[in-house]
Visitor: 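Structure below; questions to follow.
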Amino acid sequence: MIDWHNFTPWPAFTGGLLIGLAAAVLILFNGRIAGVSGILLKLIKLTWPQREEWLWRLLFIAGLVISPLIFRLFAPLPAAQADAGIWLLAIAGVLVGLGTSYGGGCTSGHGVCGLSRLSLRSLVATLLFMASGIAAVFIVRHLLN
């Protein structure tokens with residue numbers, strides 16, 4: 001159910017615009033797709049002599065970490081709430097990592113950048129991401145409880 005009392009479309013809209021802007025800037029000025037899982041994975045695997053690759057990846061990930069702190073200057077951060085135990089969250093994280101690996105990218109790479117480039121592969125991947133998420137929520141909320 002949507003909590004209409006706390007529904008905030010303008011911050012979500014603004015966040016979406018900023019994500020799109022960041023993806024556009026990255027591809028226009030760096031020629032790279034803003035797939036966060038790939039950026040992070042390659043950042044971890046890179047060695048020091050490849051400094052140009054390492055630096056932009058580090059700055060991109062740092063921007064993701066720092067942006068909520070900047071947002072907090074203008075509005076309070078929403079309270080974090082998890083309706084699952086730590087083990088379920090850990091299993092979910094592992095499954096997301098495996099899915100990202102098998103799917104050849106994450107929701108940002110396929111859903112934001114791939115769809116904007118009209119990639120059929122990204123359309124299929126995004127549909128599978130969404131279907132998997134819907135199925136997981138249904139199973140956890142209706143079949144396991």
Side-chain angles (χ1 to χ4, degrees), residues 2-3 5-141 144:
I2 295 176
D3 182 4
H5 179 70
N6 293 314
F7 181 59
T8 55
W10 291 113
F13 177 73
T14 304
L17 282 176
L18 290 172
I19 290 169
L21 179 63
V25 166
L26 186 62
I27 199 162
L28 287 172
F29 292 105
N30 202 4
R32 304 293 183 156
I33 300 296
V36 177
S37 64
I39 292 171
L40 182 61
L41 181 64
K42 289 179 183 168
L43 175 65
I44 294 168
K45 289 184 174 183
L46 285 176
T47 58
W48 184 253
Q50 299 167 323
R51 185 174 179 170
E52 297 81 24
E53 285 290 310
W54 181 83
L55 183 60
W56 79 261
R57 291 173 192 279
L58 180 66
L59 291 173
F60 189 91
I61 298 299
L64 292 176
V65 173
I66 292 169
S67 59
L69 303 174
I70 295 170
F71 179 85
R72 192 173 63 180
L73 297 173
F74 302 99
L77 290 174
Q81 176 183 341
D83 294 334
I86 189 72
W87 288 108
L88 188 57
L89 292 174
I91 291 168
V94 168
L95 290 175
V96 166
L98 288 173
T100 297
S101 177
Y102 289 129
C106 59
T107 53
S108 58
H110 285 298
V112 175
C113 298
L115 291 179
S116 66
R117 293 175 26 246
L118 304 177
S119 166
L120 179 60
R121 178 175 173 250
S122 291
L123 175 62
V124 172
T126 303
L127 291 173
L128 288 172
F129 292 155
M130 296 302 294
S132 299
I134 291 166
V137 168
F138 179 81
I139 290 168
V140 170
R141 293 206 174 164
L144 296 181

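When reading the values below, keep in mind they use all heavy atoms of this one structure, side chains included, and skip hydrogens, waters and symmetry mates.
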Visitor: Between Ser122 and Gly114, what is the shortest heavy-atom contact and its length?
Guide: OG-CA, 3.2 Å

Visitor: For Ala34 and Phe60, work out which heavy atoms get closest and say how close.
Guide: CB-CZ, 4.0 Å

Visitor: With rounding to the nearest 0.5 angstrom, report the CZ to OG1 distance, Phe71 to Thr14.
Guide: 8.5 Å

Visitor: When you measure from the side chain of Thr100 to the backbone of Val96, do you find a donor-acceptor pair of N or O atoms at a distance under 3.5 Å?
Guide: yes

Visitor: Any chance you could lay out the side-chain contact (heavy atoms from CB on, under 4.5 Å) test for Leu17 and Leu21, step after step, and finish with the verdict?
Guide: CA-CA 6 Å; Leu17 282 176; Leu21 179 63; over 6 Å; no

Visitor: Measure across Ile39 and Arg57 and return the closest heavy-atom pair with its distance rounded to 0.1 Å.
Guide: CA-NH1, 3.4 Å

Visitor: Would you confirm whether Ser108, through its side chain, and Val36, through its main-chain N or O, come within 3.5 Å as a donor-acceptor pair?
Guide: yes

Visitor: Report the distance from atom CZ of Phe138 to atom CG of Leu144, rounding to the nearest 0.5 Å.
Guide: 10.5 Å

Visitor: Measuring from Leu18:CG to Phe13:CZ, what's the distance to the nearest 0.5 Å?
Guide: 10.0 Å

Visitor: Apply side-chain contact (heavy atoms from CB on, under 4.5 Å) to the pair Ile33 and Ile27, showing each step before the final yes or no.
Guide: CA-CA 6 Å; Ile33 300 296; Ile27 199 162; 3.4 Å; yes

Visitor: When rounded to the nearest 0.5 angstrom, what is the spacing between CG in Leu127 and CG in Leu115?
Guide: 8.0 Å

Visitor: If you count the non-hydrogen atoms of other residues, nucleotides and ligands that lie under 6.0 Å from CD1 in Ile86, is the total more than 12?
Guide: no

Visitor: Is it the case that the side chain of Thr126 and the backbone of Leu123 share a donor-acceptor pair, with hydrogens and angles ignored and the cut-off at 3.5 Å?
Guide: no

Visitor: Can Glu53 and Arg32 be counted as an ion pair, charged N to O under 4.0 angstrom?
Guide: yes

Visitor: For the atom pair NZ (Lys42) and OG (Ser37), what is the distance rounded to the nearest 0.5 Å?
Guide: 9.5 Å

Visitor: Do Val124 and Arg121 pass the side-chain contact (heavy atoms from CB on, under 4.5 Å) test, and can you show the C-alpha distance, the side-chain angles, and the key distance before you say yes or no?
Guide: CA-CA 5 Å; Val124 172; Arg121 178 175 173 250; over 6 Å; no

